[in-house]
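Inspection log for the structure reproduced underneath, given as structure tokens.
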Amino acid sequence: MKRRTMVSLAVAFVGAVLVVGVPYWSIPLQQLALPRDIWNARLVVCAALAAGACVLGPVRAWLAGLVVAMAVPAAVLIRVVMDTAADPGTHNLWPFEIALALGPGLLAGAAGAVAGALLVRLRGD
């Protein structure tokens with residue numbers, strides 16, 4: 001795999017984790033509600049990151065979509081790990097939290113990957 005491709009994927013993943021995670025991590029534990037706290041305009045930014053990886057990478061659409069899709073549950077998993085480290089009694093149903101975050105992540109990743117693939121095709125590469 002080319003270095004440029006790997007950098008594009010890393011930027012897309014870390015960017016999506018931060019875009020989704022930073023606001024999600026700041027919500028108090030008692031007020032968390034999945035998937036409500038994930039379904040917002042930040043998923044559009046995640047889709048744009050997947051499209052950008054396709055266009056600037058060059059990254060195959062399916063790979064960019066999967067990387068961004070996995071970033072959303074990764075942000076939730078980081079919250080689970082941090083909260084559980086502080087209080088082991090929290091997040092007893094963490095697999096369901098990951099599953100609830102997977103749907104929005106897959107949607108954003110797939111939408112961005114399709115848009116990126118279309119842009120690459122229109123560009124003529």
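Remember, it's a predicted structure, so these values are computed and weren't measured experimentally.
- Looking at residues two or more places apart in sequence or on another chain, you find a side chain to side chain contact (heavy atoms under 4.5 Å, CB included) between W62 and R60, L66.
- In plain terms, the two heavy atoms of A50 and G109 that are nearest each other are CB-O, 4.0 Å.
- Every residue two or more places apart in sequence or in another chain that forms a side chain to side chain contact (heavy atoms under 4.5 Å, CB included) with A12 is listed here: L49, A53, V68.
- In this view, V114 and L118 satisfy the side chain to side chain contact (heavy atoms under 4.5 Å, CB included) rule, not counting sequence neighbours.
- The two residues A61 and A113 make their nearest non-hydrogen contact at O-CB, 3.1 Å.
- L43 and L77 end up in the same hydrophobic cluster when Ile, Leu, Val, Met, Phe, Trp and Tyr side chains are linked at under 4.5 Å.
- Across all their heavy atoms, A75 and W25 have their closest contact at O-NE1, 2.9 Å.
- In this structure, V72 and Y24 have side chains that are not in contact, with every pair of non-hydrogen atoms separated by 4.5 Å or more.
- P28 pairs by the side chain to side chain contact (heavy atoms under 4.5 Å, CB included) definition with Q30, Q31, not counting sequence neighbours.
- Listed here is the closest heavy atom pair of S8 and V59: CB-CG2, 4.0 Å.
- Residue pairs satisfying the side chain to side chain donor-acceptor pair (under 3.5 Å) criterion with at least one member in residues 39-57, sequence neighbours excluded, are absent.
- T5 places a side-chain N or O within 3.5 Å of a backbone atom of P58 that can act as its donor or acceptor partner.
- When hydrophobic clusters are built by joining Ile, Leu, Val, Met, Phe, Trp and Tyr residues whose side-chain heavy atoms come closer than 4.5 Å, directly or via intermediates, V11 is not grouped with V19.
- Note on L18 and V20: same hydrophobic cluster, where clusters join Ile, Leu, Val, Met, Phe, Trp and Tyr whose side-chain heavy atoms are under 4.5 Å apart, directly or indirectly.
- Put simply, V22 and M82 are part of the same group of oily side chains (I, L, V, M, F, W, Y) that touch within less than 4.5 Å, one to the next.
- Side-chain contact between T90 and L29 is present, with heavy atoms from C-beta onward closer than 4.5 Å.
- Between the side chain of T84 and the backbone N or O of V81, no donor-acceptor pair lies under 3.5 Å.
- Partners of D37 according to the side-chain hydrogen bond (donor to acceptor under 3.5 Å, both in side chains) rule, which considers only residues two or more places apart in sequence or in another chain, do not exist here.
- No continuous path of ILVMFWY side-chain contacts below 4.5 Å connects V17 to V7, so the two sit in separate hydrophobic clusters.
- Evaluation of the salt bridge (Lys or Arg N to Asp or Glu O under 4.0 Å) test over residues 66-86, restricted to residues two or more places apart or in two chains, returns R79-D83.
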Tell me which donor-acceptor pairs under 3.5 Å the side chains of residues 93-104 have, and how far apart each pair is, sequence neighbours excluded?
{"unit_1": "E97", "atom_1": "OE1", "unit_2": "H91", "atom_2": "ND1", "d": "3.1"}
{"unit_1": "E97", "atom_1": "OE2", "unit_2": "H91", "atom_2": "ND1", "d": "2.8"}

